[in-house]
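Structure first, commentary second.
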Number of protein chains: 2
Amino acid sequence: MSSERSACQQGLQPAHCTGCHHLDTCDATGRGAEALLGLRQIVQRVALVGDGEYLYRPMTPFRAIYAVRSGMAKSVALDASGREQVLDFHLPGEWFGLDAIGLDHHENAVISLGRTQFCRFPIDALMALGSREPAVQWHLMQVMARQIRHRQLRSGDHPSDVRMAAFLIDLSDRRAALFLDARHLPLPMQRTDIANHLQLAPETVSRLLTRFRGQGLIGIDRQGVTLLDGVTLRRLGCQVLEAA
Amino acid sequence: MSSERSACQQGLQPAHCTGCHHLDTCDATGRGAEALLGLRQIVQRVALVGDGEYLYRPMTPFRAIYAVRSGMAKSVALDASGREQVLDFHLPGEWFGLDAIGLDHHENAVISLGRTQFCRFPIDALMALGSREPAVQWHLMQVMARQIRHRQLRSGDHPSDVRMAAFLIDLSDRRAALFLDARHLPLPMQRTDIANHLQLAPETVSRLLTRFRGQGLIGIDRQGVTLLDGVTLRRLGCQVLEAA
DNA sequence: CGACTCTTTGATCCTGATCAACACCGGTGG
DNA sequence: CCACCGGTGTTGATCAGGATCAAAGAGTCG
């Protein structure tokens with residue numbers, strides 16, 4: 001809501017993956033697979049995006065897909081009636097923006113949560129690379145297929161506590177896959193974002209977290225939550241999640 | 001529920017797209033685009049699948065992706081607790097099964113609604129074709145991207161009547177795109193399938209259809225519904241749908 | 001015709017939304 | 001340093017949309 005300039009076209013630099021903390025676990029650059037090393041040649045770095053600022057928004061021309069380099073971001077759709085829908089939260093190394101493939105503009109927005117750095121993969125460079133090296137295209141397709149499956153899993157309707165538990169466990173698992181601390185989950189987004197994403201009222205999110213704390217499942221502090229009883233939490237949430 | 005043999009590996013024949021009713025509108029064979037004609041060389045035809053029979057199910061090895069040739073089918077996920085979730089209904093020419101790309105087995109089931117014919121695209125032939133002809137891979141990616149967007153649209157939470165209206169309008173629009181009758185919608189699936197898909201109780205589906213009929217929006221007969229006031233229905237449902 | 005399944009209709013209940021008030025924290029300016 | 005303020009999060013009270021329970025009606029197939 002604060003400043004609303006679009007960072008999309010500004011401050012692009014050729015990036016050096018060397019030295020990136022997430023090099024080994026970065027989906028966007030293929031986790032170091034031989035045939036995908038070309039991805040590291042075409043990546044650009046986007047200037048730091050401040051809290052609440054847009055990386056892109058609906059109708060922004062579709063020129064590139066992105067990954068988080070450091071920080072966290074959310075994808076938001078604006079439906080016909082103007083109401084926001086938080087689609088996803090993005091962690092470092094996770095690709096997003098692939099949903100605009102085949103269009104000439106993005107259909108939803110990506111907004112930084114806290115100060116975030118992004119990596120940018122220009123779509124024309126990606127196409128050129130993919131034509132030379134089919135493995136790149138298959139990699140993209142695998143990422144997209146995983147996104148479809150991830151979304152399929154959440155398409156069931158489950159009680160609010162199950163959804164909340166699944167959300168926390170999912171975040172924890174994704175952090176584990178990035179070799180980040182899977183016990184302590186920073187939640188830089190607002191409660192209303194979590195609520196919106198889980199299709200709950202903010203009040204309900206608050207109540208559920210309080211209840212989970214009362215049950216000794218989690219600890220809560222200003223920056224996020226700490227998982228205290230991951231086993232029970234997972235048993236609750238696994239009514240919706242399977243192994244990704 | 002009836003017979004449960006898997007038709008996946010049986011009765012495969014080289015197909016001839018020539019003569020297929022949906023040749024011009026078939027997403028799976030690229031709507032006749034030059035660079036995608038190779039798709040018509042690798043397609044196979046699957047033996048007729050009877051009502052309620054499985055085309056594939058979870059844990060079926062992932063060997064091919066499919067399209068409906070004639071009839072209708074549903075995709076169903078079985079979540080951890082064994083409860084079914086109807087993910088999608090498939091119309092002729094619509095590709096499905098792409099969500100298993102990158103895995104060695106399918107994660108959900110496809111079940112025939114009525115007697116249905118399927119086209120089969122073996123994944124190894126598809127990969128070979130895609131390596132020779134990058135346009136094929138881009139086409140696949142565009143189809144997947146469209147599926148992601150389609151799913152994003154439905155991820156908001158809307159009142160039951162909006163969801164129902166959106167469902168009917170979506171079906172109608174997809175039929176129009178296939179040059180099928182967009183006013184009369186055959187609904188070969190059970191009410192429980194529609195309910196499950198829309199995350200409603202079967203009773204609610206029944207009540208909503210009855211209410212819509214009372215408002216003069218639709219007519220109901222045994223094989224499906226007829227749209228009588230598409231404008232009002234669309235205004236209701238467009239709170240969730242945008243142009244695909 | 002009769003058994004069965006699917007759908008429709010009616011009555012009641014419950015989860016989570018909404019409305020409302022308060023607590024907390026960070027920042028700003030006196 | 002502290003009072004004030006706005007935004008965010010928590011807690012409580014009430015309400016309603018849709019689920020559930022229950023039963024009857026309508027097709028379908030043997």
Side-chain angles (χ1 to χ4, degrees), chain A residues 1-3 50-52 74 83-86 111 113-115 156-168 185-215 218-225 236 239-240, chain B residues 1-3 50-52 74 81 83-86 111 113-115 156-167 185-215 218-225 236 239-240:
Chain A
M1 298 296 173
S2 45
S3 167
D51 185 43
K74 62 174 176 179
R83 304 190 322 128
E84 293 192 347
Q85 172 63 39
V86 175
I111 302 173
L113 302 167
R115 322 181 95 226
D157 66 330
H158 300 272
S160 57
D161 51 356
V162 174
R163 287 219 289 284
M164 175 59 80
F167 169 69
L168 295 175
L185 314 177
L187 298 176
M189 71 292 279
Q190 308 190 152
R191 292 285 186 271
T192 51
D193 287 329
I194 300 177
N196 182 311
H197 181 234
L198 298 176
Q199 315 204 145
L200 299 171
E203 293 91 331
T204 306
V205 169
S206 184
R207 278 186 251 268
L208 285 170
L209 290 176
T210 307
R211 197 179 92 196
F212 285 174
R213 183 180 48 189
Q215 296 170 326
I218 61 172
I220 306 178
D221 57 74
R222 185 126 280 271
Q223 23 270 351
V225 305
L236 227 190
Q239 290 172 40
V240 60
Chain B
M1 299 298 172
S2 45
S3 164
D51 186 43
K74 61 175 175 179
S81 42
R83 306 189 320 127
E84 293 191 348
Q85 171 62 41
V86 176
I111 302 172
L113 301 167
R115 321 181 96 226
D157 65 331
H158 301 270
S160 56
D161 52 355
V162 174
R163 288 220 288 282
M164 175 61 80
F167 169 69
L185 314 178
L187 297 176
M189 72 294 280
Q190 306 190 154
R191 292 285 186 270
T192 52
D193 287 329
I194 300 177
N196 182 312
H197 181 234
L198 298 177
Q199 315 207 141
L200 299 171
E203 292 92 333
T204 306
V205 169
S206 183
R207 277 185 252 266
L208 284 170
L209 290 177
T210 307
R211 196 180 91 196
F212 285 174
R213 181 181 48 190
Q215 295 170 327
I218 60 171
I220 305 178
D221 56 74
R222 186 121 284 268
Q223 22 272 350
V225 306
L236 228 192
Q239 291 170 39
V240 61

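Here is how names work: the chains are called A, B, and so on, in the same order as the sequence lines, proteins then strands, and each is numbered from 1.
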- prompt: Atom CZ of A:Phe212 to atom C1' of D:dT10: distance rounded to whole Å?
  reply: 16 Å
task: From the options D:dC21, C:dT8, D:dT8, select the nucleotide whose nearest atom is closest to the side chain of B:Glu203.
output: D:dC21
message: I'd like to know if the side chain of A:Arg163 reaches the main chain of A:Leu198, judged simply by a donor and an acceptor atom lying under 3.5 Å from each other, with no hydrogens or angles considered.
response: yes
- prompt: What integer distance in Å separates A:Arg191:CZ from C:dC24:C1'?
  reply: 13 Å
task: For the side chain of B:Thr204, starting at C-beta, report the closest nucleotide among D:dA19, C:dT9, D:dT10.
output: D:dA19
query: Atom CG of A:Asp161 to atom P of C:dA17: distance rounded to whole Å?
result: 12 Å
query: Angle, rounded to 10°, between the helical axes spanning five pairs at each terminus of the helix from C:dC1-D:dG30 to C:dG30-D:dC1?
result: 30°
query: Do A:Gln85 and A:Gln199 touch side chain to side chain, with heavy atoms closer than 4.5 Å?
result: yes
- prompt: Over how many whole Å does the gap from B:Leu208 atom CG to C:dT8 atom P extend?
  reply: 11 Å
- prompt: Between A:Asp51 (side chain) and A:Leu113 (backbone), is there a donor-acceptor pair under 3.5 Å?
  reply: no
task: Give a yes or no on whether a salt bridge exists between A:Arg211 and A:Asp161, defined as a side-chain N under 4.0 angstrom from a carboxylate O.
output: yes
query: Taking atom CG of A:Asp193 and atom CG of A:Leu187, what is their separation to the nearest 0.5 Å?
result: 11.0 Å
task: Check the distance between D:dG18's P and B:His158's NE2 and give it to me in whole angstrom.
output: 12 Å
Side-chain heavy-atom pair B:Leu209, B:Arg191 within 4.5 angstrom cut-off: yes
Separation of atom CG in A:Asp157 from atom C1' in D:dT20, rounded to whole Å: 14 Å
task: Give a yes/no answer on whether the side chain of B:Ser160 brings an N or O atom under 4.0 Å of OP1 or OP2 in D:dG17.
output: no
Distance, rounded to the nearest Å, where B:Ile194 contributes CD1 and D:dG18 contributes C1': 17 Å
Nearest-Å distance for atom pair CE/P, residues A:Met189 and D:dT8: 15 Å
field: Spatial distance of atom CG (A:Asp157) from atom CZ (B:Arg83) [nearest 0.5 Å]
entry: 6.5 Å
message: Rounded at 0.5 Å granularity, tell me how far CD1 in A:Ile111 sits from NZ in A:Lys74.
response: 4.5 Å
query: Could one point to a donor on the side chain of A:Arg207 or the base of C:dT15 with an acceptor on the other under 3.5 Å away?
result: no
Set out, line by line, the N/O atom pairs under 3.5 Å between protein and nucleotides 25-27 of chain C.
none

query: Atom CD1 in A:Ile194, atom NE2 in A:His197: separation rounded to 0.5 Å?
result: 10.0 Å
- prompt: To the nearest 0.5 Å, how far apart are CZ in A:Phe212 and CG in A:Leu236?
  reply: 5.5 Å
task: Just call it for A:Leu209: base, sugar-phosphate, or nothing, with non-hydrogen atoms closer than 4.0 Å on any strand.
output: nothing
field: Proximity to the side chain of B:Pro159 - top-ranked nucleotide from D:dG18, D:dA22, D:dA19
entry: D:dG18
- line: From the candidates C:dT18, D:dT20, C:dT8, the one with an atom nearest any side-chain atom of A:Ala201 is C:dT18
